[in-house]
Amino acid sequence: MTDVPASARREVERLRREIRRHDRLYYVESRPEIADGEYDALMRRLKAIEEEHPLLRTGDSPTQRVGGEVSSGFAPVPFDPPMLSLDNVTSAEEFREWDAKLRRFLKGEPGTYLVEPKIDGVSLSLLYREGLLVTGATRGRGETGEEITPNVRTIRAIPLRLEGDAPALLEVRGEAYMDRAEFAELNRREAAAGRSPFANPRNAASGSLKQKDPRVTASRPLRFYAHSAGRREGGPAIASHAAYLDWVRGFGFPVPDTVRPCRDVEAVLGAYAEIGARRESLPYEIDGLVVKVDDVALQRILGATGKAPRWAIALKYAATQATSVVEEVLFSVGRTGVVTPIARLKPVPCGGVTISSASLHNFKEVSRLGVRRGDTVLIERAGEVIPHVVKVVTRAPGGKKVVPLRKCPSCRAKLVRGEDRVAWGCPNPECPDQLKQAVAHFFSRDALDVDGIGEKLIEQAVVKGIVKDPVDVFFVGREVWASLERMAEKSAENLVQSLDRAKGTTLPRLIHALGIRNVGSRTADLLAREFGTLERLQEASSEALERVHEVGPVVARSVAAYFADPRAGRRIDRLREAGVRYDPVSRSAPGGPWEGKTVVFTGTLASITREDAERRVREGGGRATGSVSPKTDLVVAGADAGSKRTKAAALGVEVIDEAEFLRRGEGGMVEESGKAG
Ligand code: IVH
């Protein structure tokens with residue numbers, strides 16, 4: 001290592017410390033201090049030095065999360081003790097019975113119960129030797145799991161090396177899962193790529209971990225929390241589960257964030273009701289709570305029966321499932337041509353809303369389920385995707401089989417099989433249904449955001465041949481709009497004005513609007529920051545695209561393919577001709593409405609949760625912190641705001657209400673536009 005300058009070594013160490021600290025702030029403490037762009041810059045710097053001085057590269061460096069390959073057989077990993085599962089109860093009554101049984105078994109008090117969220121994800125075992133992650137495995141059948149170390153290493157919430165005084169050997173067990181919003185974004189990307197979306201976050205997590213190529217896993221938004229103990233050699237005696245969670249948190253593991261100690265059954269049931277009431281506003285989906293006897297000595301006395309411990313129980317919530325009758329199976333053609341079978345259902349309430357259709361994903365799924373008109377089916381709402389059909393509950397006698405389509409229901413073109421061999425799509429670039437969807441997408445909220453251009457209007461404009469490309473919409477005159485059904489002089493005038501305003505936009509929105517396969521708003525943002533102008537993006541090679549942090553080969557290929565098509569060039573010329581413009585994008589700034597702002601929330605918010613509000617600030621380039629200081633730029637005061645509001649006033653920090661916060665959050669993106677680009 002003689003030729004490595006000490007200064008490089010010092011900088012590498014500093015950068016790694018910094019990056020680990022930010023991973024921890026983000027995943028363990030949920031209070032990030034820097035924007036994603038700044039984080040990426042630290043990572044790029046570290047990569048650059050390691051490239052220059054390969055001797056400095058070590059396996060536990062944050063740059064080394066992706067590497068190697070999962071062996072095709074997923075090598076077996078024996079567990080000692082085995083990884084257990086949990087018994088379930090589904091009502092307060094059953095939980096009381098379970099508690100009574102414990103008391104009888106113990107001939108005494110079970111003491112404090114610890115209550116944790118139960119996220120339906122994938123159970124993982126993480127083995128550390130001398131503080132370094134050596135093996136990551138799924139639960140498998142409990143006695144033996146499947147080794148997936150290269151994939152586990154890509155999960156940023158999982159430390160590659162333990163912080164502090166690690167025991168010689170430590171096996172931590174927990175759950176890999178996805179947040180709702182990140183899951184929904186992943187599904188949007190999947191759908192845009194013509195692949196079937198994942199049915200729920202659990203399937204998405206499991207599918208992501210079972211990849212042969214860890215780069216795919218790395219591109220998936222997996223999170224992790226530690227929830228139970230495995231093998232251990234060394235370390236202090238630990239008397240309670242709460243102390244265990246504290247101990248592993250100190251090594252850098254996220255732990256469940258609503259853990260709470262409960263004195264007795266009534267306190268547990270109080271938590272069950274209270275968490276149940278705000279279940280939908282948690283950032284992740286839970287299917288229940290896990291109630292654990294806190295005292296480790298009592299846990300030992302209680303032991304396990306077969307596959308589950310006696311000292312813990314899953315206290316489940318009612319599922320967001322319902323049954324209904326299939327009235328018809330329709331086929332919808334998406335923006336990229338993918339044909340999705342949809343079951344029209346007799347309307348049925350499900351998890352608080354009325355459902356009248358459910359996705360059947362693809363033709364393969366239709367034949368797998370064997371769905372027929374008149375069948376009674378079980379449907380499930382998972383995350384933010386539209387509900388899907390889980391299975392057929394009762395078959396309709398003599399029901400007519402659903403035959404997969406051969407031709408596009410819109411333009412009659414012969415359907416072709418997608419790259420994934422599962423999706424079927426319409427290959428006709430002029431297909432009216434694709435065009436309608438493309439136009440709707442172009443002007444949707446996250447793209448150019450024009451309100452007045454709804455489904456009915458797009459339908460007419462496309463059918464009448466007025467619009468043959470989304471950009472044509474800008475060239476349609478007032479009189480032509482006014483001649484369409486349900487349009488009057490006034491509404492035509494308003495629409496033309498809205499369209500004029502929408503011509504001043506931002507580059508991320510414009511890239512997103514183009515509807516490139518695999519490019520959702522997040523990827524559009526990354527591309528905009530990297531290339532700065534549409535022209536530079538247009539000319540970028542696949543290699544240049546792939547070099548963008550977080551852009552994988554699949555996205556790179558679809559972007560390059562999009563711009564290789566001469567129609568894309570014409571579309572961009574037409575955009576310019578229409579007068580569409582955007583601000584130049586600074587390369588390192590996220591460019592969101594909260595860029596560079598430190599925001600503090602206080603009091604109760606009415607329309608969104610605190611977590612959601614803070615996430616919006618982070619995603620918009622700002623920081624959300626807990627306390628008001630002279631560095632605070634803005635305080636958002638909800639109902640019952642108290643001392644923080646007073647302090648803000650004393651420091652002269654601006655205080656706004658929730659409505660204003662929401663307005664600025666949306667307006668920020670638009671505000672930047674309008675200037676020449
Ligand atoms: S404790 C010996 N705690 O639920 C105790 N499990 O249905 C074993 N799960 O396989 C697990 N959240 O993967 C525990 N807070 C939590 C959990 C949790 C989710 C999963 C776990 C387990 C499954 C059982």
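A distance-only check finds no donor-acceptor pair linking the side chain of Thr505 to the backbone of Ala502 [under 3.5 Å]. Of the possible polar contacts, none joining the Thr632 side chain to the Leu634 backbone as a donor-acceptor pair under 3.5 Å is found. Remark: the backbone N or O of Gly121 is paired with a side-chain donor or acceptor of Glu175 at under 3.5 angstrom. For the pair Tyr582 (side chain) and Leu534 (backbone), a donor-acceptor distance under 3.5 Å is present. Counting only distance, with no hydrogens or angles, the side chain of Ser208 and the backbone of Ala204 share a donor-acceptor pair below 3.5 Å. Checked by atom type and distance alone, the side chain of Arg65 never pairs as donor or acceptor with a backbone atom of Thr154 at under 3.5 Å. Looking at Asp472, its side chain does come within 3.5 Å of a backbone N or O of Asp469 through a donor-acceptor pair. Judged by distance alone, the side chain of Arg335 and the main-chain N or O of Gly515 form a donor-acceptor pair under 3.5 Å.
The minimum heavy-atom distance between Asp633 and Lys597, with the atom names listed, is OD2-CA, 3.3 Å. Arg215 and Val66 get closest at one heavy-atom pair: CG-CG1, 3.4 Å. Nearest heavy-atom pair across Met178 and Pro221 is CG-O, 3.4 Å. Minimum heavy-atom separation, Leu245 to His227: CD2-CA, 4.4 Å. Closest approach of Val496 to Trp481, counting heavy atoms only: CG2-CD1, 3.7 Å. Across Leu545 and Ala556, no two heavy atoms sit closer than the pair CD1-O, 3.6 Å.
Atom-to-atom distance recorded for Lys503:NZ and Ser498:OG is 11.5 Å, nearest 0.5 angstrom. A distance of 11.5 Å separates CG of Leu499 from CZ of Phe475, quoted to the nearest 0.5 Å. Rounding to the nearest 0.5 Å places CD1 of Ile19 at 10.0 Å from CG of Asp40. The structure places CG of Leu507 at 9.5 Å from CZ of Arg536, a figure rounded to the nearest 0.5 Å. Between Gln434 atom CD and Thr336 atom OG1 the span is 7.0 Å, to the nearest 0.5 Å. Note that NZ of Lys118 and CD1 of Ile275 are 14.5 Å apart. Values are rounded to the nearest 0.5 Å.
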- What do the steps show when you test Arg445 against Asp451 for salt bridge (Lys or Arg N to Asp or Glu O under 4.0 Å), and what is the final call? CA-CA 8 Å; Arg445 264 182 84 112; Asp451 248 351; over 6 Å; no

- Take Tyr562 and Arg571 through the side-chain hydrogen bond (donor to acceptor under 3.5 Å, both in side chains) test and state the conclusion after the steps. CA-CA 11 Å; Tyr562 178 88; Arg571 183 182 276 182; 3.0 Å; yes

- Test Arg44 against Tyr39 for side-chain hydrogen bond (donor to acceptor under 3.5 Å, both in side chains), laying out the working first. CA-CA 9 Å; Arg44 273 199 298 272; Tyr39 179 91; over 6 Å; no

- Task: Any chance you could lay out the side-chain contact (heavy atoms from CB on, under 4.5 Å) test for Phe442 and Leu448, step after step, and finish with the verdict?
- Result: CA-CA 6 Å; Phe442 198 86; Leu448 292 199; 3.4 Å; yes

- Message: Please determine whether side-chain contact (heavy atoms from CB on, under 4.5 Å) holds for the pair Glu274 and Arg260, giving the CA-CA distance in whole Å, both sets of side-chain angles, and the decisive distance to 0.1 Å.
- Response: CA-CA 12 Å; Glu274 191 265 312; Arg260 78 179 65 172; 3.0 Å; yes

- Item | side-chain contact (heavy atoms from CB on, under 4.5 Å) between His512 and Val519, intermediate numbers included | CA-CA 7 Å; His512 180 50; Val519 177; 5.6 Å; no

- Task: Step by step, work out the side-chain hydrogen bond (donor to acceptor under 3.5 Å, both in side chains) result for Ser607 and Glu658.
- Result: CA-CA 8 Å; Ser607 65; Glu658 181 177 343; 2.6 Å; yes

- Message: Using side-chain contact (heavy atoms from CB on, under 4.5 Å), reason through Thr598 and Lys631 one step at a time and then give a plain yes or no.
- Response: CA-CA 7 Å; Thr598 302; Lys631 287 196 191 141; 5.5 Å; no

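You'll find the side chain of Thr602 reaches within 4.5 Å of the side chain of Val635, heavy atoms only. No side-chain heavy atom of Phe531 sits less than 4.5 Å from a side-chain heavy atom of Ile511. Annotation: side chain of Val628 is in contact with side chain of Lys644 (closest heavy-atom distance under 4.5 Å). Using a 4.5 Å cut-off on side-chain heavy atoms (C-beta onward), Val28 and Arg249 make contact. Side-chain contact between Asp500 and Phe474 is absent, with no heavy atoms from C-beta onward closer than 4.5 Å. Using a 4.5 Å cut-off on side-chain heavy atoms (C-beta onward), Asp433 and Val462 make no contact. For the pair Leu457/Leu495, a side-chain contact is recorded, criterion being any heavy-atom separation below 4.5 Å from C-beta on. Counting heavy atoms from C-beta outward, Ile608 and Phe661 have side chains that approach closer than 4.5 Å.
Taking the charged nitrogens against the carboxylate oxygens, Glu459 and Lys456 have no contact shorter than 4.0 Å, which rules out a salt bridge. The pair Arg576-Asp573 meets the salt-bridge criterion, since a charged nitrogen lies less than 4.0 angstrom from a carboxylate oxygen. Using a 4.0 Å cut-off between charged side-chain N and carboxylate O, Glu654 and Arg664 make a salt bridge. Salt-bridge check for Glu33 with Arg21: passed, with a basic side-chain N closer than 4.0 Å to an acidic carboxylate O. At a threshold of 4.0 Å, the pair Arg223-Glu182 counts as salt-bridged, since one of the basic side-chain nitrogens sits closer than that to a carboxylate oxygen. Electrostatic pairing of Glu163 and Arg20 does not count as a salt bridge here, judged by no charged N lying under 4.0 Å from a carboxylate O.
Applying the side chain to side chain donor-acceptor pair (under 3.5 Å) test to Glu185 and every residue at least two apart in sequence or in another chain returns Arg188. For Tyr272, the ring-ring contact (aromatic ring centres under 6.0 Å, His included) test picks out Tyr317, with sequence neighbours left out. Checked against side chain to side chain donor-acceptor pair (under 3.5 Å), Arg202 has no partners two or more places apart in sequence or in another chain.
With Phe198 as the aromatic partner, Arg220 does not meet the cation-pi criteria of under 6.0 angstrom to the ring centre and within 45 degrees of the ring axis.
Surrounding CZ of Arg278 are more than 12 heavy atoms belonging to other residues, nucleotides or ligands, all under 6.0 Å away. Counting non-hydrogen atoms of other residues, nucleotides and ligands closer than 6.0 Å to CD of Glu535 gives a total above 12.
Results of the ring-ring contact (aromatic ring centres under 6.0 Å, His included) test with Tyr225 over Tyr27, Phe253, Tyr177 single out Tyr177 as the only residue that passes.
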